[in-house]
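Reminder, nothing fancy here: chain letters follow the sequence lines and each chain counts from 1. In what follows, every heavy atom counts, from backbone to side chain, and hydrogens, waters and symmetry copies are set aside.
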Amino acid sequence: MIELINVNKSYSGIVKAVDDLTLTIPEGQITGFLGPNGAGKTTTIKIITGVLNADSGSITINGTNIRENPLEAKRQFGYVPDNPDMFLRLKGMEYLNFMADIYNVPGELRRERIKGLAESFEMEAALTDQIQSYSHGMRQKIVIMGVLIHDPSVWILDEPMTGLDPKSSFTLKEMMKTHAAAGKTVFFSTHVLEVAEKLCDRVAIINKGKLLFYGTMEEMRENFRSNGSLEKIFLELTENE
Amino acid sequence: MNRYIVLTGVMLKNFNLLNLRLGKSGKNPIRGILLSLLIFAAFLPMMLGIGSLAMVGYDVLFEIRQEGLILVTGFSISSLTIFFFGIFYVMSVFYFSKDIESLLPLPLKPSEILAAKFTVAMLYEYLTEAIFLGPILIGYGIASKAGLLYYLYGTLLFLALPVLPLVYASAISMLVMGFTNLAKNKDRFRIAGGITAMFLAVGINAFVTKLTSSTTSALELQKLLEQGNNSYAEIISGIFFSNRFAVLALLNSEVLKGFVNLALFMLICMLFVILFLSFGEGVYYKGVVGISEASVKRKKFSETELERYGRQKPVLRAYTIKELKLLFRTPVYFMNCVLTSLIFPLFIILPFIVQPDEMKELQGLSIYLSGERGSAIALAAAFGISVFVTSTNGIAASAISREGTNILVCKYLPVSYKTQITAKVLSGMSIGMVGTLSMLLTAAVFITVPAYLMLLIAVVSIFGIAFSSFAGILIDLNFPKLIWDNEQKAVKQNFNVVLNMLVSVLVAGIPIFTIIALHFTLWITLLTLVLVFGILDLLLYNILSTIGVRLFERIEV
């Protein structure tokens, strides 16, 4: 479970990126985080993961406050950032083992997981090459695999489907469903409404740093007809398609 | 021409030498201004020193009518420095810069890209020149009560001087890169190419020095000096032959001869630029197209590979190994951080290759070293070398900057900032140790050093290496340079590295100077160094674990 209470963040004290955001992302469900480009999705996710510090407000992950007990909180989640261009000069295999070392995954267990993940994401032939030789989609996959290798209870994924081929995208979606069904937390951002519609149990819609709507998909469809600003966002999101 | 101007303008916008972070991330412009002032203040004594040295030198050399020697020295050393560092610089700006990928699809001629990049490189060299040649030109001008024309010529020559050395550096780089780009594993070949280019540079220098020193024997040189009338300037030859015209232009700035020489110098520069551009038009793309291709095997991993990679390691070790791997595998980092620490032994060997006679004189040094005073000085000097070698590798002083925008990874991994800082320090220290060791071992080949002295040197070096690394990362935590478009900017165009060198050399220099000046014995020297730097290291370690961690926490991109 992820809990945000009255979170604020502004850049240079002028541009408000996150505006008094309060949000509880429950266990056992897939929660989508929607909004047009520049709505504040990535900033919010960076605050949750401890990459950025909020100006005010509190964030807890499975009950652990990220500011007060950062290491403990960080062990709870796995995070896929929006840009997978990292550790480009490590081999895929080295990267996965680096992540496993950082999260203290024992040797036997990690080798098993590497084999399984490599198969699911069809990355077996790429793992002994450097990440810089990977395509965008493959880089996305290796980062996702790096998260899954330590089997975190909370998944935080920033635009995870971008660049994935249909099969990998399907695999990831299935994994998200299984993870949520096991009573764990899945939180992911997207600006594609269609993905959210098919996958999410709940959606949070954000624009200009403000939470516009939070509820089930069903509630959203009803809500947007009577709410002008939500309708506008809804149109923007559908136009993206 | 228009496209050249536009291109240069765009490239200059990214020419953020000091970490003056503006806009979104520029939360603290005062820090940037403070840093620039600090750097200026750090260089000011050096510049004033060089300037006054030039003035004193003028008075002495004027007696024998060879005052031009000052200008000769200024131009020669500047050219050589620009040429040597130019190779590294050109490699990164012309080839490894990230903007290459966005420039290649545009309808631009290779020469247009080259011209713009060359201009940016020239501007960078002016900074190097400003520290050394600037004070000499001004000092000479004041001492000789030169007129307005001298300063005008001086300014023009200052601006044009980097052309020749940079063209040489570019030509070597383009040849090497054109060749290595054919290879499959480009990173590895590029590293090999960097090493080749460096040896070429050192080799050419050695060759030219040997050539000029053999044509002018000591006797001839003496005769020449006795002639007076600045005859020395007339014999400048070698690869920077045009410096002769520069010196003559300044010496004769008030008469027509000065103007003619200035015109000649400018003409040669222009000729070289034209040659460079037409050469580049044909060669540049051979090296740069496909530069980002990486080698690929796409072979399924075997069980043994899985077993080998998949052994669990403690977090600190895993993190340190990751740092070292990135240092060795990224060509720019390898050349600037790893290779430069291994290059120093070359400077020891080189004089003996050029002038083998000097070997004999070393016997005397070996005897001196086994004495009480000699060994104390050797210990202090070796300590100084360890600090210098470590600070020039710049690994600790750019450890945070090198993360770039990927610093976000450091923030979400469940690894304490203290552990991350320690791992980064350890990677810098280990390369520092390798550099120091290779230097000392090379020295030991030429000079007989007693075993116990070697051991003591090894012990005190560790204190010096730790000191320089601690100071370096502390500086980088304060002013991290995270926004860059090529890796070169993180390591070479990063003033944190320069600042760390200045601080390290200054702090290490004071006790070394004291030891030599006050005739300390070997054991007192050992005690002083261990005590002073033991305390300093402990202090810095404590600062890093408290303030350093807080600084790391506050870094945001």
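Only the side chain of B:Tyr417 comes within less than 4.5 Å of a heavy atom in chain A; its backbone stays farther off. For A:Ala126, the parts lying under 4.5 angstrom from a heavy atom of chain B are both the backbone and the side chain. Using a 4.5 Å cut-off between heavy atoms, A:Arg89 touches chain B through backbone and side chain atoms alike. With a 4.5 angstrom heavy-atom cutoff, A:Val105 touches chain B only via backbone atoms. A:Tyr134 touches chain B through backbone and side chain together, each having a heavy atom under 4.5 Å away. Both the backbone and the side chain of B:Val415 come within contact range of chain A, judged by heavy atoms closer than 4.5 Å. In this structure, no portion of A:Met123 lies under 4.5 Å from any heavy atom of chain B. Proximity to chain B (any heavy atom under 4.5 Å) is restricted, for A:Pro81, to the side chain, taken from C-beta onward. Of the two parts of A:Asn83, neither the backbone nor the side chain holds a non-hydrogen atom closer than 4.5 Å to a non-hydrogen atom of chain B. Using a 4.5 Å cut-off between heavy atoms, A:Ala118 touches chain B through its side chain atoms alone.
Here CZ of B:Arg308 is found 9.0 Å from CE of A:Met93. Values are rounded to the nearest 0.5 Å. Atoms NZ and CG, on B:Lys297 and A:Asp129 in that order, are 5.5 Å from each other to the nearest 0.5 Å. Taken to the nearest 0.5 Å, the CD atom of A:Gln130 stands 10.5 Å off from the NZ atom of B:Lys325. With rounding to the nearest 0.5 angstrom, the OG1 atom of B:Thr405 is 9.0 Å from the CE atom of A:Met86.
Within 6.0 Å of NZ in A:Lys16 there are more than 12 heavy atoms belonging to other residues, nucleotides or ligands.
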Show me the side-chain donor-acceptor pairs of residues 311-323 of chain B shorter than 3.5 Å, one per line, residues at least two apart or across chains.
from, atom 1, to, atom 2, distance (Å)
B:Tyr319, OH, B:Gln420, OE1, 2.7
B:Thr320, OG1, B:Leu316, O, 2.7
B:Glu323, OE2, B:Lys424, NZ, 3.0

Could you tabulate the donor-acceptor pairs under 3.5 Å formed by side-chain atoms of residues 152-163 of chain A, not counting sequence neighbours?
from, atom 1, to, atom 2, distance (Å)
A:Ser153, OG, A:Asn62, ND2, 2.9
A:Trp155, NE1, A:Pro152, O, 3.4
A:Trp155, NE1, A:His179, NE2, 3.2
A:Asp158, OD1, A:Ser189, OG, 2.6
A:Asp158, OD2, A:Thr42, OG1, 3.0
A:Glu159, OE2, A:His191, ND1, 3.1
A:Thr162, OG1, A:Glu159, O, 3.2

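Considering all non-hydrogen atoms of both residues, A:Phe87 and B:Asn406 come closest at N-ND2, 4.4 Å. Of all non-hydrogen atoms in A:Val51 and B:Glu556, the two that sit nearest each other are O-CG, 4.2 Å.
For A:Glu122, the salt bridge (charged side-chain N to carboxylate O under 4.0 Å, His left out) criterion is met by no residue, not counting sequence neighbours.
The backbone N or O of B:Lys411 sits less than 3.5 Å from a side-chain atom of A:Lys74, completing a donor-acceptor pair.
With respect to chain B, the highest number of heavy-atom pairs below 4.5 Å among A:Glu72, A:Glu94, A:Lys46 belongs to A:Glu94. For the options A:Ser133, A:Ala125, A:Ala100, heavy-atom pairs under 4.5 Å to chain B are most numerous at A:Ala125. Most heavy-atom pairs under 4.5 Å with chain B: of the set A:Asn53, A:Ile114, A:Thr49, this distinction falls to A:Asn53. Counting heavy-atom pairs under 4.5 Å between each of A:Asp85, A:Ile102, A:Asn104, A:Ile66 and chain B puts A:Ile102 at the top.
Between B:Tyr309 and A:Leu127, every side-chain heavy-atom pair lies at or beyond the 4.5 Å cut-off. The side-chain heavy atoms of B:Tyr412 and A:Ile45, taken from C-beta on, include no pair separated by under 4.5 Å.
Contact annotation for residues 299-307 of chain B against chain A (heavy-atom separation below 4.5 Å, listed by residue number): B:Lys299, B:Lys300, B:Phe301, B:Glu303, B:Glu305, B:Leu306, B:Glu307.
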